[in-house]
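Keep in mind that this is a model prediction, so the values were computed, not measured.
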Amino acid sequence: MAKFELKLPKMGESVAEATITNWLKNVGDKIEMDEAVLEIATDKVDSEVPSEVSGVLVEQLFGKDDVVKVGQTIAIIETEGGSSSAENSSVTSSAVEMPIAVAEVTKTIEVAKETVAPVDFSGSDKFFSPLVKNIANQEGVSVAELESISGSGKDGRVTKDDILNFVKNRTNQPVVAQTVTPVVKPVVQNVQPTATSAVPVSVNGGDEIIEMDRMRKLISGYMVASVQTSAHVQSFIEVDVTNIVKWRDKVKGAFEKREGEKLTFTPIFMEAVAKALKDFPGMNISVDGDYIIKKKNINLGMAAALPNGNLIVPVIKNADQLNLVGMAKAVNDLGNRAKAGKLKPDDTQGGTYTVTNVGTFGSVFGTPIINQPQVGILALGAIRKVPAVIETPEGDFIGIRQKMFLSHSYDHRVVDGALGGSFVKRVADYLEAFDVNREY
């Protein structure tokens, strides 16, 4: 028999950790190769971790709601034959590479961790998430210390960053930590004013109380943080898309027959946005403190509503390099996998600009919130038949046209009205100049 270490796989360039949300297999269960063992969640998307081998699950090294780093071993699977990767790595590290003194200190730390009693939160009236409680137990943070932290979350709740900053800056470090780390001069922490508590909500017997799910809590935090970070400004422009509507009606049947894909308006609009971003690279940036980062690639995020009412933003990588067929395939693929819950963590990473289609739900225009750390987001309004003045050499007359509004939200810290307005005007120009005789 051999033992195989199941590690948390790499899930994207900027994904460093994930939270275990559910174990699909219990200790003693038989597992087939490529069968899902557990479910995890990053800050963007949920996913499954499959087994690379067939065998029996003999050990779970982490529990539900634990945070695991990429590359960490999360489970041990016993397989038939071969040498044990877990045993080999253990022998190598302890008998060959690890000095005796370091090994002794490590052993002391592990024993101390095992003997630390879990913190009892039952006496506290404040709400702490499972993740925060887990970190408190691991770092030896008492309930009294936890209650003293000024939370930056909704209603003053303590977030992961709040407790990690507290642990980093507190002066009374646990004895175990001092045996393996140098003494650090205490850091003077800027005292932030306590957040004003929310107005109490009156609840009667007929009201139903529903706790937000994990994704809704994340979305809530992102939206509040974005409004607090960026100085949101909006520009609106009305666009005549009559030519686009006529062209799509004419070719959508042949397009689907030839390409096996439905042709919606979204890839047409995405194509125009990608062209405009090439014309105005000042919109394809992000902000890091006092620095502006100009992005090399144009990666378009497309906000997608999920069946459960939540929102996710998969990303079309290098959108400016795709023709209309490629764009349609990318839009449909990401949209379908988002609805089916099959997006991978990397599918939501690396966006440089976001487009959201509020017209899907009948909205004429909207004021979308910027997807940090980007500096702009474009909302596509509903396409409507409206009376319009049509200019001709013979004079002006009233006709029926297909029109829509583009709503551009941008970060006024780094994008002024001239750039923000010029960019959305360029998108409108590309859409109004659409060639009705073009091929796909």
Side-chain angles (χ1 to χ4, degrees), residues 9-22 36 39-49 67 129 131 153-154 159-160 210-227 229-230 262 264-267 269-270 273-274 286 297-319 322 327-361 363 366-380 407 409:
K10 186 175 181 181
M11 298 168 292
E13 193 172 314
S14 60
V15 180
E17 63 183 21
T19 301
I20 295 176
T21 56
N22 186 36
E39 295 176 338
I40 58 172
T42 68
D43 61 345
K44 295 286 187 181
V45 70
D46 296 346
S47 187
E48 295 178 343
V49 177
V67 178
S129 69
L131 177 56
K154 185 178 180 181
T159 66
K160 170 189 171 184
I210 303 173
E211 183 180 4
M212 294 183 189
D213 60 25
R214 186 194 64 84
M215 183 173 285
R216 177 49 55 186
K217 291 176 182 177
L218 289 171
I219 294 172
S220 174
Y222 292 147
M223 296 299 96
V224 172
S226 181
V227 172
T229 300
S230 296
K262 290 186 179 297
T264 65
F265 289 110
T266 301
F269 297 145
M270 288 293 199
V273 172
S286 62
N297 299 327
I298 295 177
N299 300 332
L300 289 183
M302 47 175 255
L306 300 177
N308 62 3
N310 286 326
L311 184 73
I312 198 165
V313 185
V315 177
I316 302 171
K317 306 293 175 60
N318 298 310
L322 299 176
M327 189 74 78
K329 289 180 180 293
V331 167
N332 292 343
D333 173 58
L334 291 173
N336 292 334
R337 288 197 286 122
K339 292 177 183 177
K342 298 297 183 182
L343 287 176
K344 299 176 181 178
D346 195 47
D347 291 329
T348 61
Q349 305 295 323
T352 60
Y353 188 88
T354 297
V355 179
T356 179
N357 191 351
V358 299
T360 301
F361 312 103
S363 296
T367 55
I369 296 176
I370 297 168
N371 188 14
Q372 297 295 328
Q374 301 166 24
V375 298
I377 180 171
L378 186 71
L380 308 173
S407 310
S409 293

- Task: Indicate yes or no for a side-chain donor-acceptor contact from T352 to the backbone of I298 under 3.5 Å, with no hydrogens or angles considered.
- Result: no
- Message: Just so I know, are the side chains of I369 and I377 near enough to count as touching, which here means a heavy-atom distance under 4.5 Å?
- Response: no
- Would you name the heavy atoms of P368 and T356 that are closest together and state the gap between them? CB-CG2, 4.0 Å
- Task: Would you indicate whether the side-chain heavy atoms of M215 and L306 approach each other to under 4.5 Å?
- Result: yes
- Query: Can any side-chain N or O of S230 pair as donor or acceptor with the backbone N or O of V227 at less than 3.5 Å?
  - Reply: no
- Query: Do N297 and K317 come within less than 4.5 Å of each other through their side chains, counting heavy atoms only?
  - Reply: no
- Evaluation steps, side-chain contact (heavy atoms from CB on, under 4.5 Å), between F269 and V355: CA-CA 9 Å; F269 297 145; V355 179; 5.8 Å; no
- List the steps, then state whether side chain to side chain donor-acceptor pair (under 3.5 Å) holds for T354 with Q374. CA-CA 8 Å; T354 297; Q374 301 166 24; 2.8 Å; yes
- Task: Find the distance between CG (D213) and CG (L218) and round it off to the nearest 0.5 Å.
- Result: 9.0 Å
- Item | D333: partners by salt bridge (Lys or Arg N to Asp or Glu O under 4.0 Å), with sequence neighbours left out | R337
- Message: Just verifying a value: how many Å separate M302 CE and L334 CG, rounded to the nearest 0.5 Å?
- Response: 5.5 Å
- Quick one: salt bridge (Lys or Arg N to Asp or Glu O under 4.0 Å) pairs with a partner in residues 302-316, sequence neighbours left out? none
- Test side-chain contact (heavy atoms from CB on, under 4.5 Å) applied to N299 and N318, step by step: CA-CA 5 Å; N299 300 332; N318 298 310; 4.1 Å; yes
- Interatomic distance, CG@L322 vs CE@M327, rounded to 0.5 Å, equals 5.0 Å
- Within a reach of under 6.0 Å around NZ of K344, are more than 12 heavy atoms found that belong to other residues, nucleotides or ligands? no
